[in-house]
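Worksheet: the structure to be examined is printed underneath.
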Amino acid sequence: MREIELLAPAKNLQCGIAAIDHGADAVYIGADSFGARHAAGNSVEDIALLCRHAHTFGAKVYATVNTVVYDDETDRAVALLRRLHSAGVDAVLLQDMGLLALVRRDAPDLAGSIVWHASTQTDNRTAEKVAWLQAQGFRRAVLARELTLDEINAIHRDVPDMELEVFIHGALCVSYSGQCYASQRCFQRSANRGECAQMCRMRYSLIDAEGHSVADDAYFLSLKDQCQYDNLEDIIDAGACSLKIEGRLKDVAYVKNVVAAYSMKLNDIIARRNAQGARLLARASWGTAEYSFTPDLRRSFNRGYTDYFLHGRHRDMASLLTPKAIGEYVGKVKEIRRGRQTSFNVAGTAAFVNGDGLCFIDSRGELRGFRVNRAEGNRLFPLAMPEGLTPGTPLYRSQDKAFDDLLSSRTAQRTIPLDIRIEDRGDSVAMTLTGCERHGTLPPLHGEATMSLGERQQAQKPQRENIVRQASRLGATAYSVGSISVDASLDNVFIPASMLSELRRKAIESIALDRTSEQERGQQDRKGRQVSTHDIPEDRYHMRFPYLHNATNHAAKAFYNANGISAEGFETMRAEKGGKYLLMQCRYCIRHALGHCKKTEGKAEWREPLSLRLADGRTFTLEFDCKNCQMNVLG
């Protein structure tokens with residue numbers, strides 16, 4: 001049986017608990033430092049509470065320690081790793097190879113007991129890189145978002161024992177992760193240290209070699225959001241074991257809706273596949289979530305959706321008009337009334353409420369937004385009529401007030417169904433609890449408690465109904481009743497309700513104790529793993545720009561130097577005046593998006609090189625590596 005994990009983001013403890021309750025098999029969360037989302041830090045104490053909640057359902061918690069580290073921070077980073085391990089995290093996402101080397105040198109007990117996941121910031125796009133990571137002791141690689149199904153499958157085929165984590169939903173960076181230095185170059189805010197200034201969400205003009213404008217004021221580097229909802233089964237079949245939702249800056253409503261949508265989809269796939277007798281699949285945690293709302297991906301923040309490169313290159317990847325969320329299409333403006341009761345009506349089937357946020361693209365290509373003060377059916381009354389709104393204009397709902405209000409309440413309850421058996425053991429009564437779900441590597445869910453009956457007392461009336469009622473009272477726990485059986489001989493034995501209640505409590509506690517011991521056994525099994533050596537894969541870009549290895553501390557440089565590689569870090573190196581630097585490596589290509597791919601459309605109308613120019617005059621040269629289908633941004 002093959003386990004599939006739905007992995008969700010956790011901005012904070014509240015989001016993490018919501019993710020687990022709405023069906024996630026694992027969550028990833030940042031501590032108060034060294035996480036690749038600087039604005040999403042959490043105390044180790046909160047992470048420990050999240051671990052306790054997740055482990056109840058056999059779900060996992062992964063800590064993100066995936067920034068590059070400076071020399072004066074390494075001791076603090078190692079101390080954080082030790083605290084996270086003590087908190088009960090199941091794995092650590094890492095980018096900095098120097099930190100890995102230091103932990104192995106100075107804290108071998110810690111190095112052997114932590115499960116290491118290679119963050120997507122380690123630029124994992126080839127089987128050679130993934131094999132190298134495996135040789136360094138990583139159990140899992142988080143693959144680059146840009147990979148196709150065939151490329152994911154090839155990595156799985158060539159490195160079959162490596163766990164592969166694949167992004168399925170959320171925001172897309174235009175550059176390969178870990179290979180973007182534009183924010184650091186322009187604003188001294190390092191993307192590899194969680195401080196990205198989002199250069200890809202800025203407006204640029206496209207300039208040719210003669211200084212002429214090819215296109216003005218567009219968001220040439222701003223991609224739509226990824227959505228692989230309809231491709232989950234293909235991704236699973238390609239070899240992914242973990243399906244990752246992006247969004248460690250997203251709020252709890254976003255997490256609830258997106259996790260629930262994908263969890264339900266994944267359950268449907270597994271049920272259908274298992275019913276057909278194909279290769280058996282299972283969720284990687286226990287429990288079933290019941291929802292009080294209908295998930296809808298269109299109603300959460302999105303810039304429009306794309307399946308990106310999963311099925312190959314296509315043009316509909318970028319959001320050139322705006323980097324902001326447009327939202328769900330709700331209809332067209334039909335008729336406008338002006339005056340004291342300024343209003344308009346909408347041709348469509350959508351329902352509106354007071355407080356909805358709507359937006360539209362005006363005739364100049366600008367995104368305009370406004371709030372609905374009052375809604376009477378499909379007639380809407382804004383505070384002031386938005387400039388540029390005309391009959392026939394398509395409208396989108398960027399803030400869904402009714403949906404947000406719904407998601408602000410409790411919207412899911414996750415429980416683990418148990419088979420309950422109450423046995424007559426002569427002088428005692430026993431309650432046995434067994435998980436009735438089937439799983440792959442998860443240990444059997446089991447709990448048992450026994451209490452003495454003392455002197456058996458004859459009951460005046462049948463007792464089975466009362467025994468079942470007391471044993472079934474699981475409401476305040478993480479469990480629900482799957483089935484229940486009672487030995488017939490107990491039907492005429494009087495058992496006080498208080499005794500049955502205590503028996504139930506002890507049986508449930510024994511489940512928790514058994515799960516805790518399983519976590520400890522897993523940590524012990526990880527100790528003493530051998531780390532082998534392997535050639536570090538390098539291409540011409542790494543040889544030309546050694547900072548692509550992201551070695552910002554002496555331990556990282558020594559790690560690469562020991563393997564014959566000259567490495568440095570962009571954040572710590574001394575930049576040459578007037579030097580050209582590779583600031584982004586992109587699989588997305590502006591030439592292709594504009595219909596001028598050299599491979600398919602032939603020669604373009606402009607003279608190259610092309611450049612992107614910001615409003616303040618800063619300019620970045622575009623280099624098209626057509627042999628490798630890569631666009632580089634130089635600055």
Side-chain angles (χ1 to χ4, degrees), residues 7 9-13 15-16 26-55 60-122 133 136-140 142 178 189-196 248-249 519-520 522-523 526-527 529 531 550-559 569 571-572:
L7 175 58
K11 177 181 180 179
N12 51 35
L13 175 61
C15 287
V27 295
Y28 59 104
I29 188 170
D32 54 11
S33 54
F34 307 115
R37 295 292 184 274
H38 186 71
N42 296 276
S43 69
V44 174
E45 291 73 22
D46 275 358
I47 293 174
L49 291 174
L50 179 57
C51 289
R52 192 178 308 163
H53 183 73
H55 291 166
K60 296 179 179 178
V61 176
Y62 306 141
T64 57
V65 187
N66 56 341
T67 65
V68 292
V69 179
Y70 295 156
D71 280 316
D72 62 354
E73 298 172 329
T74 54
D75 288 346
R76 189 158 55 91
V78 173
L80 174 63
L81 287 170
R82 190 174 293 282
R83 291 167 58 217
L84 288 169
H85 177 255
S86 298
V89 300
D90 298 278
V92 170
L93 282 85
L94 196 70
Q95 177 188 183
D96 196 312
M97 296 299 159
L99 186 55
L100 181 65
L102 283 172
V103 171
R104 287 192 171 132
R105 187 191 71 187
D106 300 336
D109 61 318
L110 183 64
S113 57
I114 289 179
V115 171
W116 302 101
H117 290 181
S119 169
T120 189
Q121 275 81 16
T122 56
L133 290 166
Q136 305 314 307
F138 287 95
R139 178 178 293 182
R140 176 182 294 185
V142 186
R189 290 172 55 180
S190 171
N192 282 318
R193 287 177 59 79
E195 300 170 339
C196 179
R248 270 204 301 125
L249 297 179
Q519 293 286 341
E520 293 171 351
Q523 291 173 357
R526 295 193 289 266
K527 292 183 178 180
R529 284 199 306 271
V531 178
N550 295 323
T552 57
N553 55 70
H554 283 91
K557 293 174 183 177
F559 173 87
E571 294 81 357
T572 54

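Residue numbers count from 1 along this sequence. Note that the structure is predicted; figures quoted are calculated from it, not measured.
- Each salt bridge (Lys or Arg N to Asp or Glu O under 4.0 Å) pair with one or both residues in residues 74-89, not counting sequence neighbours, appears once here: Arg82-Asp109.
- Without hydrogens or angle criteria, Ser190 side chain to Asn192 main chain gives a donor-acceptor distance under 3.5 Å.
- Side-chain atoms of Asp71 come within 3.5 Å of backbone atoms of His554 as a donor-acceptor pair (strictly under, hydrogens ignored).
- Between the side chain of Arg193 and the backbone N or O of Val68 there is at least one donor-acceptor pair closer than 3.5 Å.
- Minimum heavy-atom separation, Gly16 to Leu50: C-CD1, 3.5 Å.
- Arg189 places a side-chain N or O within 3.5 Å of a backbone atom of Cys196 that can act as its donor or acceptor partner.
- For the atom pair Tyr28 OH and Ser119 OG, the distance stands at 10.0 Å (nearest 0.5 Å).
- Asn42 places a side-chain N or O within 3.5 Å of a backbone atom of Gly30 that can act as its donor or acceptor partner.
- Minimum heavy-atom separation, Ala63 to Val89: CB-CG1, 4.1 Å.
- The nearest pair of heavy atoms linking Val78 to Leu110 is O-CD2, 4.0 Å.
- Distance check: Leu99 CG to Trp116 CH2 gives 6.5 Å after rounding to the nearest 0.5 Å.
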| request: Start with the C-alpha gap between Arg139 and Ile114, add the side-chain angles, then the distance that decides, and say whether side chain to side chain contact (heavy atoms under 4.5 Å, CB included) holds. | output: CA-CA 10 Å; Arg139 178 178 293 182; Ile114 289 179; over 6 Å; no

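- Atom CD1 of Ile29 and atom CZ of Arg248 lie 8.0 Å apart (nearest 0.5 Å).
- Looking at Asn550, its side chain does come within 3.5 Å of a backbone N or O of Gly178 through a donor-acceptor pair.
- The shortest non-hydrogen separation linking Ala87 to Val44 is CB-CG1, 3.8 Å.
- Rounding to the nearest 0.5 Å places CG of Asp96 at 9.5 Å from CD of Glu73.
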| Checking side chain to side chain contact (heavy atoms under 4.5 Å, CB included) for the pair Val65/Leu84: CA distance, chi angles, key distance, verdict? | CA-CA 10 Å; Val65 187; Leu84 288 169; 3.7 Å; yes

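- For the residue pair Asn553 and Gly98, the shortest heavy atom distance occurs at OD1-CA, 3.7 Å.
- Side chain of Asp90 to main chain of Val61: a donor-acceptor pair is present (N/O by atom type, distance under 3.5 Å, no hydrogens or angles).
- The heavy-atom pair separating Cys15 from Ala10 by the smallest distance is CB-CA, 4.1 Å.
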| request: Given side-chain hydrogen bond (donor to acceptor under 3.5 Å, both in side chains), test Thr552 with Glu571 step by step and report yes or no. | output: CA-CA 7 Å; Thr552 57; Glu571 294 81 357; 5.6 Å; no

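- Taken from CG in Leu80 to CZ in Phe34, the straight-line distance is 7.0 Å, to the nearest 0.5 Å.
- For the pair Leu13 and His53, the minimum side-chain heavy-atom distance is 4.5 Å or more.
- Note that CZ of Phe138 and CG of Leu94 are 5.0 Å apart. Values are rounded to the nearest 0.5 Å.
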